[in-house]
Number of protein chains: 2
Amino acid sequence: MSTVVRLSEARKADLRCALCPIRDRAVCAYSGPEELKLLEVIKSYRTYQPGEEIAAMGEETAHIGSVVQGTVSLSRLMADGRRQMVGLLFPGDFVGRIMLPTAPYDAVAVDEVTLCLFERRRFERLLAESPDLRRRLLEMTLDELDAAREWMVVLGRKTAREKLASFLMILVRRAAIATGGEARDGLRIALPLTREAMADYLGLTIETVSRQIGALRRDGLITLEDARHLVVHSVAALREAAGDDA
Amino acid sequence: MSTVVRLSEARKADLRCALCPIRDRAVCAYSGPEELKLLEVIKSYRTYQPGEEIAAMGEETAHIGSVVQGTVSLSRLMADGRRQMVGLLFPGDFVGRIMLPTAPYDAVAVDEVTLCLFERRRFERLLAESPDLRRRLLEMTLDELDAAREWMVVLGRKTAREKLASFLMILVRRAAIATGGEARDGLRIALPLTREAMADYLGLTIETVSRQIGALRRDGLITLEDARHLVVHSVAALREAAGDDA
DNA sequence: CGAGTTTTTGAATGGTCTCAACTGGAGTGG
DNA sequence: CCACTCCAGTTGAGACCATTCAAAAACTCG
């Protein structure tokens with residue numbers, strides 16, 4: 001989050017908060033028109049290329065903000081090179097740690113990412129005065145905590161096959177929400193992550209990820225169009241394979 | 001959290017908020033004297049025996065509150081009996097999910113636990129009016145999120161030996177804070193968890209937990225007084241064994 | 001087309017789990 | 001006081017699942 005590229009006024013007008021695609025889910029979801037105006041003044045957009053670093057663990061971050069488009073990974077790197085992903089942020093999710101000057105993990109753009117950024121200082125000042133922002137931020141943080149704990153079950157107790165199925169189920173749920181409804185069989189899914197990123201997310205090696213995708217394919221649960229696109233034939237069977245029955 | 005045992009007025013007086021042992025770290029840490037009075041009126045204490053259920057996943061919780069004394073485990077149970085602990089709460093930590101009617105995981109008293117409880121409705125009403133409570137709660141939730149993510153690295157990427165050492169390091173840090181300073185070699189530590197609970201926390205089996213404790217003992221890092229008490233000979237060596245170097 | 005990267009596949013190793021038996025301490029009752 | 005049970009923890013042997021190392025295949029991009 002070093003330099004912030006400011007868009008032209010024309011482009012900026014296109015991105016009025018009222019027209020924002022994540023208006024209803026981002027930190028600003030509960031903000032009224034007056035607050036939106038304040039946010040509109042201090043916000044700026046920046047686009048990151050796939051693999052580009054958004055924030056590095058331990059370093060100061062001058063900006064925080066929302067994912068408008070794309071996927072952001074949060075991960076931690078061990079001294080010997082082992083990496084564990086600890087979060088995957090989608091449009092609407094909040095990037096950056098409030099109340100701490102430095103980033104607690106590495107944030108990297110998985111695909112092309114657009115962020116709606118606020119200068120940390122200014123945002124925290126606004127936060128101090130806005131119950132709506134605070135309420136939404138608390139809500140989002142609690143949801144993220146639940147998601148993190150849900151994932152701890154996957155990492156600690158599930159088999160490689162269950163891990164893969166669990167990951168695919170996350171994508172299925174997201175795709176279902178995006179297409180506005182129920183998760184239907186025959187759904188086509190784009191994998192935003194490389195095999196390596198999936199391995200880092202699931203606590204596996206790339207080889208095991210590859211093998212388990214192959215196994216799910218051989219068992220008829222999915223079909224691969226190419227390495228990054230697949231079709232889910234039975235959502236029920238995939239959920240079953242994921243090991244949870246809720 | 002079904003029925004709440006109200007203490008006698010005499011006992012209650014002993015537990016005035018101003019004298020509370022977790023006054024400086026709990027949700028009420030930033031609350032001024034007026035707010036403390038409000039909290040004092042609606043709070044109640046309850047003690048749980050080791051192994052006693054505090055809240056069950058999926059069920060409504062009428063009360064939420066702070067751990068005053070003891071250790072609380074948060075865990076999730078899979079359909080086939082596999083269990084993963086997703087949090088370990090110590091004095092000062094907050095128990096219960098705000099903004100949701102039902103508990104997202106099982107909460108169990110590990111040892112004898114005393115909670116300072118508030119009726120959920122009343123507390124949330126107070127929360128809506130108190131910036132101090134909200135600020136502290138957000139801060140605590142963010143810290144818990146960081147801790148959960150830290151633990152994801154342990155679950156996803158560490159070996160059994162590293163997992164054990166990581167767990168012991170958590171206890172060492174806590175003990176160091178309690179005795180008010182640096183983590184010194186020769187520190188004596190009480191294990192609040194059974195082998196089974198440790199296994200559920202670490203994503204291992206009890207046998208592996210037992211074997212790894214044995215290995216750390218054989219390697220001279222620790223000495224066992226009995227199954228639940230040990231002495232750490234070299235904190236540096238233990239940290240090394242945990243696989244992190246910060 | 002050719003170089004580099006990502007993904008898949010194969011074979012062997014090894015760490016953790018499973019199943020089973022044993023140990024030791026706490027509590028109980030004759 | 002001793003025999004007994006019960007439970008938590010330990011120890012052992014073998015199986016299995018995921019990893020490691022190695023190589024081939026598929027894809028991307030100049």
Side-chain angles (χ1 to χ4, degrees), chain A residues 49-51 73 78 80-84 108 110-112 154-168 190-219 222-230 241 243, chain B residues 49-51 73 78 80-84 108 110-111 154-168 189-219 222-230 241 243:
Chain A
Q49 293 311 305
S73 76
M78 290 175 67
D80 59 1
R82 283 177 282 179
R83 182 180 288 278
Q84 176 64 50
V108 176
V110 168
D111 40 25
E112 190 178 297
V154 175
L155 291 174
R157 288 305 187 194
K158 291 197 179 180
T159 63
R161 182 190 174 89
E162 289 172 329
K163 284 180 175 182
L164 248 299
S166 298
F167 176 64
L168 294 183
L191 296 175
L193 305 185
T194 64
R195 296 291 184 270
E196 185 179 14
M198 280 191 256
D200 288 344
Y201 194 32
L202 297 165
L204 298 170
T205 59
I206 51 172
E207 295 95 328
T208 300
V209 169
S210 184
R211 276 187 251 271
Q212 294 301 332
I213 289 180
L216 292 175
R217 181 180 53 67
R218 242 170 284 118
D219 294 348
I222 59 174
T223 305
L224 287 177
E225 293 186 0
D226 59 67
R228 302 293 277 273
H229 295 273
L230 52 83
Chain B
Q49 293 311 306
S73 75
M78 290 175 67
D80 60 1
R82 282 176 284 178
R83 183 180 288 279
Q84 177 63 51
V108 176
V110 169
D111 40 25
V154 175
L155 290 174
R157 288 304 187 196
K158 292 196 177 179
T159 65
R161 182 190 175 90
E162 289 172 330
K163 285 180 175 182
L164 249 298
S166 298
F167 175 64
L168 294 183
I189 285 182
L191 297 175
L193 304 185
T194 63
R195 296 292 184 269
E196 185 179 13
M198 280 191 255
D200 288 343
Y201 194 34
L202 298 165
L204 298 171
T205 59
I206 51 173
E207 294 95 330
T208 300
V209 169
S210 184
R211 277 187 251 271
Q212 294 303 330
I213 289 180
L216 292 174
R217 180 180 54 69
R218 242 169 283 121
D219 294 348
I222 58 174
T223 304
L224 289 176
E225 292 186 0
D226 57 67
R228 302 291 279 273
H229 296 272
L230 52 83

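Any value given below was found using the heavy atoms of this structure, including those in side chains, with hydrogens, waters and symmetry copies removed. Each chain gets a letter, A, B and so on, in the order its sequence line appears, and its residues count up from 1.
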Spacing between B/R82 atom CZ and C/dC17 atom P, to the nearest angstrom
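Spelled out: CZ on B/R82 to P on C/dC17 is 12 Å.
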Strictly below 4.0 Å: does A/R195 bring a side-chain N or O up to OP1 or OP2 of C/dT8?
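Affirmative; the distance criterion is met.
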Spatial distance of atom CG (A/L164) from atom CZ (A/R211) [nearest 0.5 Å]:
12.5 Å
Atom pair distance, as rounded to whole Å: CG in B/L230 and C1' in D/dG9
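B/L230 atom CG is separated from D/dG9 atom C1' by 14 Å.
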Set out, in order, the CA-CA distance, both residues' side-chain angles and the distance that settles side chain to side chain contact (heavy atoms under 4.5 Å, CB included) for A/K158 and B/Q84, then state yes or no.
CA-CA 10 Å; A/K158 291 197 179 180; B/Q84 177 63 51; over 6 Å; no
Take atom CD1 of A/I206 and atom P of C/dT5, then tell me their distance rounded to the nearest Å.
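Distance check: A/I206 CD1 to C/dT5 P gives 14 Å.
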Should B/R161 and B/D219 count as an ion pair when the cut-off is N to O under 4.0 Å?
yes
Counting only side-chain heavy atoms from C-beta out, which of D/dG12, D/dG9, C/dT7 sits nearest to B/R211?
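Of the options given, the side chain of B/R211 lies nearest D/dG12.
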Just the rounded figure in Å: distance from C1' of D/dG9 to CD of B/Q212.
15 Å
So, does A/T208 get its side chain near the phosphate of D/dT19, meaning an N or O under 4.0 Å from OP1 or OP2?
yes
Is the CD atom of B/E225 crowded by more than 12 outside heavy atoms at less than 6.0 Å?
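Yes, because the 6.0 Å sphere around CD of B/E225 holds more than 12 heavy atoms from other groups.
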Report yes if some heavy atom in the side chain of B/R157 is under 4.5 Å from a heavy atom in the side chain of A/D200; otherwise report no.
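B/R157 vs A/D200: side chains touch.
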Rounded off to whole Å, could you give me the CD-to-P distance for the B/E196 and C/dT18 pair?
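After rounding, the reported distance stands at 13 Å.
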Judged by each residue's nearest nucleotide on DNA chain D, which is more toward the 5′ side, A/D226 or A/G203?
A/G203
Starting at the 5' end of DNA chain C and moving along, which residue's nearest nucleotide shows up first, B/R161 or A/I213?
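Upstream on the strand: A/I213.
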Using a cut-off of strictly less than 4.0 Å, decide whether A/R228 has a side-chain nitrogen or oxygen near OP1 or OP2 of D/dC27.
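Indeed not, no polar side-chain atom of A/R228 lies that close.
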Whole-Å gap separating P (C/dT8) and CG (A/L191)
10 Å
Let's see if you can work this out: which of D/dA18, C/dT16, D/dT20 has an atom nearest to the side-chain heavy atoms of B/A160?
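The closest nucleotide is C/dT16.
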Looking at every strand, decide which applies to A/L204 at a 4.0 Å heavy-atom threshold: base, sugar-phosphate, or nothing.
sugar-phosphate
For D/dA18, does OP1 or OP2 lie under 4.0 Å from any side-chain N or O of A/T205?
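The answer is no; no side-chain N or O of A/T205 sits under 4.0 Å from OP1 or OP2.
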